Amino acid sequence: MRFPAKFASYFRSGVRLLGIFVLLFGPALSSYGADSTVQVQLDAKKASPRAVESLTERGILRDYRFAWTSMAQALELSTLDPLEGPFAGQAKQLLRDMIVSQQRSGLSRQYVNQTHRLEAVFYAPEGDVMELHDTAEYELRISDGGKIIHDERVVMHFVVLMTPAADRWVIRQLQAVPES
Amino acid sequence: MRRLSLICAALCLVACSLAGMAQDLRVPASVTAGDGVTIPTTGSGKATFYLLGPGISRKGDVSLGEEIHLQAKDLRNAGDYLALVCSDSCHSGTFYVTAAKPASLTFLVHPSRVPVAQDDAVSGVTFTFDQFRNLVLTPATVTFQLTAGDKPLVSRPARTQNGVAWFRTASGKSAGLLQVVATLDDLSARRAVQQVASDPCNLRITGQRIPIGILVQTEPVHDCAGNVVSDGTIVTFSATEANGKSTVDAPIKQGVARAQIEAQGATVVSVASGVVMGNELHIGAKP
């Protein structure tokens, strides 16, 4: 059975339009996709001695999610650029060391389908530092030269120190701890 | 035939279990940051060993059946580590490196300048870190000491919880430097807060007529605790005469604020600083 010539022409135009759409909005869609794989929930009710304002809560959620998206990207591609902004101090230094080390060894890590349950446990009286505990769940894939050598679903616990910077909250300490 | 197949199955089972044991990896449960570790392996032949942890992603060749030595420098950062040994297949083990003993205190004190006698005006937060900048989560007692001049004001022990201890207290009674020290065993961190006079108290002015108007000045301005109010504090003089009102702002210099007001008629001069009002001064018209 053959399609009429007119139908084939509509089909070609449709494909062309789809191609243009993908070219125009593809990067935006993919960046949204990368970000949306990191799910973060925050419980700030137990934070003390200062209560966490709702605007601060939103800022922490946004910046923590962005930090993990950036970290995952940096460690997957073994590139330092994504670390600029969301990390500072010791956390940034460790991640830099990790990436430089990956570049040397040819290893890379992927954090897939991340979910984070964050709990604010300490918020300084003057609001200049916050300690959070994160129960993170993700699939950790280790690759050597592109070949996956380890793939496992893990539940990790992190102690996190965040401080406010000029326009965002940054992670200064990100330390995995055994389950208490 | 049936016996042969049973033997084959048994041999297969033995071979499979041997293959499974060929590269067993026994990692330690927990390691203190900066300590070296030895990981025993079983099996024989060459394999690739991977170590992934905070700040480290390395691989190297190992001989199965021999011990793998992880140096102290590889395990300086607290966190989770994944050890992998791969030959035909990969075997893994995870372990945690925990912080060593406290070696430094990060101490944040607010504010840097505070009026005297204010409730809950001075606060401090301290985090305990080991020599590798890992947050030490083991509880420890930090003592906060506040001293004004040679006079101790507050000494308060606080137990760290999740690596953090904090305090909040009132500022002292006298203007001057407030030393704030956090101490943990032989570690200490010192910060300074400048205590300044609070709002003026009993603001009083004197004045006299001069050829071009009225010269008014305050008596030395003190707060209610007797501290001289800081230079630069603004005092507002208001002059009301029959034909209107004028206002002059003057900063305190060496404890006194002065202003010259151009007023020819009978004038009432009042004074204020912040929310504090002073006395009124009645000055007659220019003769």
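When reading the values below, keep in mind they use all heavy atoms of this one structure, side chains included, and skip hydrogens, waters and symmetry mates. In what follows, chains carry the letters A, B, and so on, assigned in the order in which the sequence lines appear, proteins first and then strands, with residues in each chain numbered from 1. Since the model is a prediction, treat every value here as computed from it, not as a measurement.
Proximity to chain B is limited to the side chain of A/L161, based on heavy atoms less than 4.5 angstrom apart. Both the backbone and the side chain of B/N134 have a heavy atom closer than 4.5 Å to some heavy atom of chain A. For chain A, the nearby part of B/F127 is the side chain; its heavy atoms alone come within less than 4.5 Å. Both the backbone and the side chain of A/I149 come within contact range of chain B, judged by heavy atoms closer than 4.5 Å. Neither the backbone nor the side chain of A/L174 comes within less than 4.5 Å of any heavy atom in chain B. Of the atoms belonging to B/L82, it is side-chain heavy atoms, and not backbone ones, that fall under 4.5 Å from chain A. Using a 4.5 Å cut-off between heavy atoms, A/V129 contacts chain B through its side chain alone, with no backbone atom that close. Proximity to chain A (any heavy atom under 4.5 Å) is shown, for B/L135, by both the backbone and the side chain. With a threshold of 4.5 angstrom between heavy atoms, B/D80 approaches chain A through its backbone and through its side chain.
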Side chain to side chain contact (heavy atoms under 4.5 Å, CB included) between A/H150 and B/C90, worked out: CA-CA 8 Å; A/H150 183 79; B/C90 292; over 6 Å; no
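Atom CZ of A/R117 is surrounded by 12 or fewer heavy atoms from other residues, nucleotides or ligands within 6.0 Å. Other residues, nucleotides and ligands contribute more than 12 heavy atoms inside 6.0 Å of the CZ atom of A/R109. The 12-atom threshold is not exceeded at CD of B/Q161, counting heavy atoms of other residues, nucleotides or ligands nearer than 6.0 Å. Sparse packing is recorded around CZ of B/R113, with 12 or fewer heavy atoms of other residues, nucleotides or ligands lying under 6.0 Å away. Under a cut-off of 6.0 angstrom, the local environment of CZ in B/R156 is crowded, with over 12 non-hydrogen atoms contributed by other residues, nucleotides or ligands.
With chain A as partner, the option from B/G124, B/P54, B/G60, B/S30 having the largest number of non-hydrogen pairs under 4.5 angstrom is B/P54. Among A/V121, A/D128, A/V159, the residue with the largest count of heavy-atom pairs under 4.5 Å with chain B is A/D128. Here A/H133 is the residue among A/R104, A/R96, A/H133, A/Q93 with the most heavy-atom pairs under 4.5 Å with chain B. Residue with the most contacts toward chain B among A/G106, A/P49, A/S108, A/A124: A/P49 (heavy-atom pairs, distance under 4.5 Å).
In this structure, the separation between OH on B/Y96 and CD on A/E179 is 8.5 Å, given to the nearest 0.5 Å. Here the CZ atom belonging to A/R50 is positioned 9.5 Å from the OG atom belonging to B/S123, to the nearest 0.5 angstrom.
Contact detail for B/G53 and A/M98: the closest heavy-atom pair is O-SD, 3.1 Å. Closest approach of A/Q90 to B/F132, counting heavy atoms only: NE2-O, 3.2 Å. When all heavy atoms of A/P125 and B/W166 are compared, the closest pair comes out as CG-CE3, 3.8 Å.
Looking only at side-chain heavy atoms (C-beta outward), A/D144 and B/Y50 come within less than 4.5 Å of each other.
A donor-acceptor pair is defined here as one N or O able to donate and one able to accept, closer than 3.5 Å; such a pair exists between the side chain of A/S105 and the backbone of B/S57. No donor-acceptor distance shorter than 3.5 angstrom exists from the side chain of A/E131 to the backbone of B/V164, with no hydrogens or angles considered. Panel note: side chain A/Q173, backbone B/R133; a donor-acceptor pair is recorded below 3.5 Å.
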